[in-house]
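Below: the structure, in structure tokens.
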Amino acid sequence: MKFNLELVVFVVYLFFMLGIGFFFFFKDKNGSEKSYFLGGREMGPWVSALSAGASDMSAWVLMGLPASIYLYGIGQAWIAIGLAIGYALSWIFEAPRLRKFTIVCNDSITLPQYLTNRFLSKSGAVRVICAVIFLIAYTVYAASSMKACGTLFNTVLGIDPSKAMYLAAVVILIYTFLGGFKAVCWTDFFQGMLMLAALLAAPIFAVFVMKNNGGSETVTQLPDGYWNAFSSWKDVASGLGWGLGYFGMPHIIVRFMSLESDKSLKKSAKIGITWNVLIVIFSVAAGCVGHLLLGEIADSSTVFIQMTRFLFPAIISGIVLTAILAASMSTADSQLLASSSAFASDLYKPIIRKNKASDKEMLWAGRFVVLAISVVAVIIASNPNSGTIMGLVENAWGLFGAAFSSVILLSLFWKRFNIAGAISGIVTGAVVDIAWLLMFNYSFADGSHLGALVAPLHDGALGGLYEIIPGFIASLIVAVVVTLLTKAPSEDVEKIFDDAVNFSDK
């Protein structure tokens, strides 16, 4: 009976998401490129705030992070701290300027388009480089969401993980394919509320159960040093380093660009920061409390699932576990839309079609990319050697943060910054991030490294430090040095900076 009730809840939820996609398709079926990819800059504060949060906090916050806390202890909570700090700073300092700059920069609707217009560049180099990074990182990122769906359906319903991944991909594909940015934001809005409710409910109820039933007998099963938050400086630095990713995460900062006014942005910031802090706190709590409640379990990534099914009757557990489905979909849809917009607006229209493509043709080009990335993401997720949910997210997050965060910040706050510095910063950040991952953090399934010369470094002082940190630092240094060694931006480019700083639509 429990199986049937949980299945019914999942099916109802999937149809609800599809309904939102069809609604916005028929409501705005003749919409423009700007409407499909940016919602016409008409998004209100609540939808934008929760959509930004939900597109960020994918299933890893319900499965990956609790699993890390469950396995390795409270030291992994530095990831939550880094995310909370980075998210707050991005809303406070980056969001207001980015919204103004993208409006002044010829009403830019994508990150590559913004960088091109910001420096009045006639070269397609920025667009091509950004699009390539987008396609690689988003495919890996989307694979983590698909893998989470497979684990959820397999654990709860006994469905083959690969089949579950294809089912989730079809639903995400349909409402993203049809409804565009508005459909994605509104589905993310409902999914964000569901995620928060689920993360609040499970740990709190678990504490009451343990208190009433004397559930302290599993405490002795906790490994030594579980509660030590300062076991390694690399854990602290790597955890805080996650916060650097927010300044260059395209599917999150596009929400800053879509807000209808500065007034809405300020309200969104308060809502979004509060939501984010609550989410990461209770995600950490889910890992700790889950270990205390359940003791040792075979698959740590299912700690939230097993805790929920242990605590609640079928109909309630079905609703709570739908939050994992929501988290997976809310991030995957945003990633698919961001990558499709990068391809359509930054490659297909200006380079492939030489600005001859109509709005309708652009929309269909973007939809084709959504389909292609979905297929590849499912193939990656279906591979048993593709890594954990947390590992896939970590790789994609690091690539985005290393490549774009320093460049975006410099473009918003440094008038002297130029296109040469931007391109060199993006390329350097991406290369260093990938190289660091392969040399110092990546191991094959058998535990071997890439080479004998790398192994000592892998196991020594450099191994284990999150690659986003050296990637970000290298990107920042190279971008600044190249800018100072090359020609200063023209008066027209400097005027764009001044106009953006002084822009107001209050």
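Note that these values count all heavy atoms, side chains included, but never hydrogens, waters or copies made by symmetry. Since the structure is predicted, the reported quantities are computational estimates derived from the model, not experimental observations.
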Under 4.5 Å between any side-chain heavy atoms of Ile252 and Ser90, yes or no?
-> no
Using the side-chain contact (heavy atoms from CB on, under 4.5 Å) rule, take Phe404 and Ile253 through it: C-alpha gap first, then chi angles, then the decisive distance, then the call.
-> CA-CA 11 Å; Phe404 297 115; Ile253 61 178; over 6 Å; no
Closest approach of Leu65 to Ala80 (non-hydrogen atoms, all atoms of both residues) = CD2-CB, 4.4 Å
Can we call the ring centroids of Tyr141 and Phe400 under 6.0 Å apart?
-> no
For residues Ala286 and Met307, report the shortest heavy-atom separation together with the two atoms involved.
-> O-CE, 3.8 Å
Looking at Ser317 and Phe312, what are the two nearest heavy atoms and their distance?
-> N-CB, 3.8 Å
Rounded to the nearest 0.5 angstrom, the CG-CH2 distance for Leu240 and Trp78 is 6.0 Å
Answer whether the closest heavy-atom distance between the side chains of Leu199 and Leu278 falls below 4.5 Å.
-> no
Student check: side-chain heavy atoms of Ile373 and Phe368 closer than 4.5 Å | no
So, the side chain of Tyr466 versus the backbone of Ala237: is there a donor-acceptor pair under 3.5 Å, distance only?
-> no
Find out whether His291 and Val303 are in side-chain contact, i.e. whether some heavy atom of one side chain is under 4.5 Å from a heavy atom of the other.
-> no
Determine whether Cys130 and Ile426 make a side-chain contact, defined as any pair of heavy atoms from C-beta on separated by less than 4.5 Å.
-> yes
Close side-chain approach of Ile74 to Val284, heavy-atom, < 4.5 Å | yes
Does Ser283 reach the main-chain N or O of Ile279 with its side chain, forming a donor-acceptor pair under 3.5 Å?
-> no
Identify the heavy atoms of Leu71 and Ser300 that sit nearest to each other, and give their distance.
-> CD1-OG, 3.3 Å
Distance in Å, Phe282 CZ paired with Leu200 CG, rounded so as to fall on 0.5 Å steps | 5.0 Å
Examine distances only and state if a side-chain atom of Trp397 and a backbone atom of Ile468 form a donor-acceptor pair shorter than 3.5 Å.
-> no
Steps toward side-chain contact (heavy atoms from CB on, under 4.5 Å) verdict (Asn154, Asp160) = CA-CA 6 Å; Asn154 177 255; Asp160 179 77; 5.9 Å; no
At what distance, to the nearest 0.5 angstrom, does CD1 of Ile469 lie from CH2 of Trp242?
-> 11.5 Å
Starting at CZ of Phe134, measure out to CG of Leu399 and round the result to the nearest 0.5 Å.
-> 10.5 Å
Kindly give the heavy-atom pair with the smallest separation between Val378 and Met146, and that separation in Å.
-> CG2-CG, 4.1 Å
Thr155 (side chain) donor-acceptor with Leu152 (main chain) under 3.5 angstrom | no
Heavy atoms only: give me the nearest Leu437-Glu467 pair and the separation to one decimal.
-> CD1-OE2, 3.6 Å
Check for a donor-acceptor pair, side chain of Asn383 on one end and backbone N or O of Ile379 on the other, with a separation under 3.5 Å.
-> no
Check whether any side-chain N or O of Lys147 sits under 3.5 Å from a backbone N or O of Ala381 as a donor-acceptor pair, and report yes or no.
-> yes
Could you tell me whether the side chain of Asp433 and the main chain of Gly471 form a donor-acceptor pair under 3.5 Å?
-> no
Give the C-alpha distance, both sets of side-chain angles, the deciding distance and a yes or no for side-chain contact (heavy atoms from CB on, under 4.5 Å) between Tyr226 and Ile69.
-> CA-CA 9 Å; Tyr226 187 87; Ile69 299 293; 3.9 Å; yes
Could you give me the CA-CA distance, side-chain angles and deciding distance for Phe304 and Val320, then say whether side-chain contact (heavy atoms from CB on, under 4.5 Å) is met?
-> CA-CA 10 Å; Phe304 182 80; Val320 174; 4.0 Å; yes
Would you check if Leu115 and Pro112 make a side-chain contact, meaning some heavy-atom pair closer than 4.5 Å?
-> no
Donor-acceptor pair, side chain of Ser162 and main chain of Ser382, under 3.5 angstrom | no
Hey, does Met63 have a side-chain heavy atom less than 4.5 Å from the side chain of Met390?
-> no
Is Trp436 reaching over with its side chain to a backbone N or O of Leu465, donor-acceptor style, under 3.5 angstrom?
-> yes
Which value, rounded to the nearest 0.5 Å, describes the distance between Thr308 atom OG1 and Leu62 atom CG?
-> 8.5 Å
In this structure, CZ of Arg127 is separated from CG of Leu111 (nearest 0.5 Å) by 11.5 Å
